[in-house]
Amino acid sequence: MPSRPGVDALLNELAASPDDAALRARAAQSLTKLGRHREAVELLRDRFVNLTAHDGPTLPCLCRRCLKPDLGETHAQDMDFARCFVVAHGRVLYYWAPSELADDPGISRSVGARLAARLA
Ligand SMILES: [Zn+2]
């Protein structure tokens, strides 16, 4: 996994501007890439309401009650999944994506559109 210099810089920036939602999401994204899943969830939880619907049982549920902050990856049906998230308007939606697609901007765009539609 390539190291992403700059996560500390992002966190420092965020400490100075805690209301910057885009910056907060970016910092959480960086922490996720580094495998610092619990910190990412805590960062998001500070300002974003988890709107993820209760779901299961194939993949671990990511709703507000069930979400396990440390569980950034899981395995089901012979596939590896990575936990991803999108944010919009003070809300966060978590989802599982096949690990090889976790960085696919098409998926996060489509989940983001779903979140935006739910908030509309
Ligand atoms: Zn749940």
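All of these numbers come straight from a predicted model, not from anything done at the bench. Indexing begins at 1, ligand by ligand and atom by atom, following the structure's order.
Residues Leu10 and Leu31 have side chains not in contact (no heavy-atom distance under 4.5 Å, counting atoms from C-beta outward). Put simply, the side chain of Lys68 does not reach to within 4.5 Å of the side chain of Asp70, judged on heavy atoms. You'll find the side chain of Tyr95 stays beyond 4.5 Å of the side chain of Thr52, heavy atoms only.
Taking distances strictly below 2.8 Å, the protein N/O/S atoms close to the Zn ion (ligand 1) are His54 ND1, Cys61 SG, Cys63 SG, Cys66 SG.
For the pair Asp19 and Arg24, the salt-bridge criterion is not met [side-chain N within less than 4.0 Å of a carboxylate O].
Connection of Val87 to Val111 is not established within any shared hydrophobic cluster, with ILVMFWY side chains joined at heavy-atom distances below 4.5 Å, either directly or through further cluster members.
Among the candidates Glu39, Arg45, His37, the single residue satisfying the side-chain contact (heavy atoms from CB on, under 4.5 Å) test with Val41 is Arg45.
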